[in-house]
There are 2 protein chains.
Amino acid sequence: MAKDKTNIYDVAKKAGVGIATVSRVINDSDKVKAETRDKIIQVMNELDYRPSKVAQNLAKQKSNAVAVILPSFVDHFFVEVLKGIQDSLEKKEVDLILYKIDVDEKRISKIMDIVHSRKVDGIAAITMNISNSNYQELLESEMPVVIADERSKDFHSIYFDNIKGAEMAVDYLFNSGHQKIAFINGDPEHYNAQERFQGVKKAFKKHKLDLDEKYIIESDFYAEDGYQSMQELLELPRSQWPSAVFAASDNQAIGAIQALEERALKAPDDIALIGYDNIELAKYLKITTIWQPMYKLGQLTIEVLLKAIEGDLKERFEKELDLSLIKRETA
Amino acid sequence: MAKDKTNIYDVAKKAGVGIATVSRVINDSDKVKAETRDKIIQVMNELDYRPSKVAQNLAKQKSNAVAVILPSFVDHFFVEVLKGIQDSLEKKEVDLILYKIDVDEKRISKIMDIVHSRKVDGIAAITMNISNSNYQELLESEMPVVIADERSKDFHSIYFDNIKGAEMAVDYLFNSGHQKIAFINGDPEHYNAQERFQGVKKAFKKHKLDLDEKYIIESDFYAEDGYQSMQELLELPRSQWPSAVFAASDNQAIGAIQALEERALKAPDDIALIGYDNIELAKYLKITTIWQPMYKLGQLTIEVLLKAIEGDLKERFEKELDLSLIKRETA
DNA sequence: CTGTTAGCGCCTTCAC
DNA sequence: GTGAAGGCGCTAACAG
């Protein structure tokens, strides 16, 4: 076995001091004579010594790392959120451990694994539909947690008003003259989908439109789902086609556009289309959409989490981020 | 102070055994009587006990985590790579710690921080331009490292043949009848950019085209750079416009399209355009491009890294991934 | 099969 | 200011 990593004892010995003093300069405590400090620093450089974070973590019971839990890596929504997360993490010296956890029955148990692992000081759970699970255990763990993209009455949370967003979309379509409006929703199990549906219903009621069942499609948030759903709509007799479609995500809208294109149809000429999220793609594809400030969501989530970790948060933090409609070319 | 986390002693005491035995069932060693094992497992459940990863890491000198280092989070190229990474990490029980490190003079030092932290068992560095730095220290550290998107003679590496890729692009343009071909390159400091330029020169020579300096633009790999560069080209007298442009990244191609659109120009009618990478956007924007299998790059990188960590890799691993041209509508 | 004991590398009182 | 010693929670020989 080759010479092992140098540790605090090597430094202490070579510098002719005790390990406690070395530890003090590592954690730059002021109670060290400048002279000995310099000597120690010099030795540390000579030996190319750097403290083991793992050992520090164990001793300090703190890891300087946070867990970010997502249901997916690729979805553009999360990429945007991640960017915000990274940007506000970079300033601090905090590591980012990324976990992908599916939104299923075992998600809380998997999160508890993370809690118990002691590898992180806090957890940010993005779009995990926590409220629809038995999160008692997590709540009792005393681990700082912030829930993003979902309102919570027990954890810190940062979220969007889905009802309002959906309402904005339908309002816009209605005010543009549409009466036959279809809604392609996301996973009905999901909080966000449920709320958006509520928003749709609310807007329909407001405009005295009636809710035609064949115009309400439940699928999931991905492009493939949007594609399928639009197919479904287009299989209706042409006279029954909606004049406008509201998709619960831009990904779905993109899929819907594909379905349209395959039949040489175009939005908004044949059927108007509005998406949701405002992912980067929406800009290039010129999709009219509801903008959820995802970058800001990520940023704020981490800021709040770090505060919670520091214990600077006396009360539960709760904030709704504003939505806005981005008018482009598909509606 | 509330009751602290339960530890291995709590379990041992309650189960009436020694901690070694508890440790054995944690690491499911077979040398435990079924009876006592059951008893211990039961107690572990009652106490909701789970071992501290941090303590295990320290004792085992192993962290079951890998560091992935990227120069950017948002770039679509990396997102695609990340997906591959995540997918092959998910099968194993290995954590992913993500670091964003700029490609500057201090990058090796920052990487060494990670090495010494002992938080990870291995490192994957994506597009970090390692070869252009003094990496001696990293090499000597014995930390398993794999370099992705860059050829290395000292580390395991997985990469693309940039020369060939660039050649393919120019060949295609030439064979489509173009003689006045411009090249918008990425950051000239960067390995990949340098090689792509070489490929361009090689292809030009082959086709007996001469390299007109005003058609060679050095910028960087992002959309904004492509936009600027295309502007520059369009500011030439119309008679001197190139008939085709090869952009060293799809991002740049997207920027270039913007510049074109602003002048009501269109690819390929006014100026043909070919990109590089085949990011997802390229598909939707119908950009003809050179496809680098980024997902596969990510996947393979992790596979190799995990093998290196296990010590299953006797020799240095080196692999070039195949490129292909995706013909779409811009050229 | 199982308990004892010494680390893993660092932090943190507590004396000096 | 500084050193000695115990502790963080777990693993890994080494004895039984």
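Between the side chains of Gln299(B) and Glu303(B), not a single donor N or O lies within less than 3.5 Å of an accepting N or O. Side-chain contact of Tyr135(A) with Asp154(A): a donor-acceptor pair under 3.5 Å is present, judged by distance alone. If you check the side chains of Asn57(B) and Lys53(A), you find no donor sitting under 3.5 Å from an acceptor.
Across the protein-nucleic acid pair, Arg37(B) atom CZ and dT2(C) atom C1' stand 13 Å apart, rounded to whole Å. Taking atom NZ of Lys119(B) as the reference point, atom C1' of dC10(C) lies 15 Å away to the nearest angstrom. Following rounding to the nearest Å, Lys62(A) (NZ) and dT12(C) (P) show an atom-to-atom distance of 12 Å. Rounded to an integer number of Å, the gap from CG of Asn57(B) to P of dC8(C) is 16 Å. Distance Leu58(A) CG to dC8(D) C1': 4 Å, rounded to the nearest Å. For the pair Ile40(B) CD1 and dG3(C) C1', the computed distance is 12 Å after rounding to whole Å.
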Can you list the steps and then say if Glu320(A) with Arg151(A) is a salt bridge (charged side-chain N to carboxylate O under 4.0 Å, His left out)?
CA-CA 8 Å; Glu320(A) 179 187 319; Arg151(A) 184 175 199 156; 5.2 Å; no
Just do the side chain to side chain donor-acceptor pair (under 3.5 Å) check on Tyr99(B) and Asp95(A) with the steps written out, would you?
CA-CA 7 Å; Tyr99(B) 293 93; Asp95(A) 285 347; 3.0 Å; yes
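Across all strands, Val17(B) comes closer than 4.0 Å only to sugar-phosphate atoms, never to a base (heavy-atom distances).
Glu150(B) contributes a side-chain N or O that, together with a main-chain N or O of Ile130(B), makes up a donor-acceptor pair within less than 3.5 Å. In this structure, Asn64(B) contributes its side chain and Val94(B) its backbone to no donor-acceptor pair below 3.5 Å.
Rounded to 10 degrees, the angle between the two end axes of the helix from dC1(C)-dG16(D) to dC16(C)-dG1(D) is 40°, with five pairs used at each end.
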Sequence-aligned protein contact record of nucleotides 10-16 of chain D, with B where the base is within under 4.0 Å of a protein heavy atom and S where only the sugar-phosphate is
BBBB---
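Residue Gln61(A) has no polar side-chain atom (N or O) positioned under 4.0 Å from OP1 or OP2 of dG7(D). Regarding contacts with the backbone of dC1(C), every side-chain N or O of Thr21(B) stays at 4.0 angstrom or more from both OP1 and OP2.
Applying the side-chain hydrogen bond (donor to acceptor under 3.5 Å, both in side chains) test to every pair with at least one member in residues 304-317 of chain A, sequence neighbours left out, gives these pairs: Arg316(A)-Glu318(A).
Note: His76(A) and His76(B) have tilted aromatic rings, judged against thresholds of 30 and 60 degrees for the angle between ring planes.
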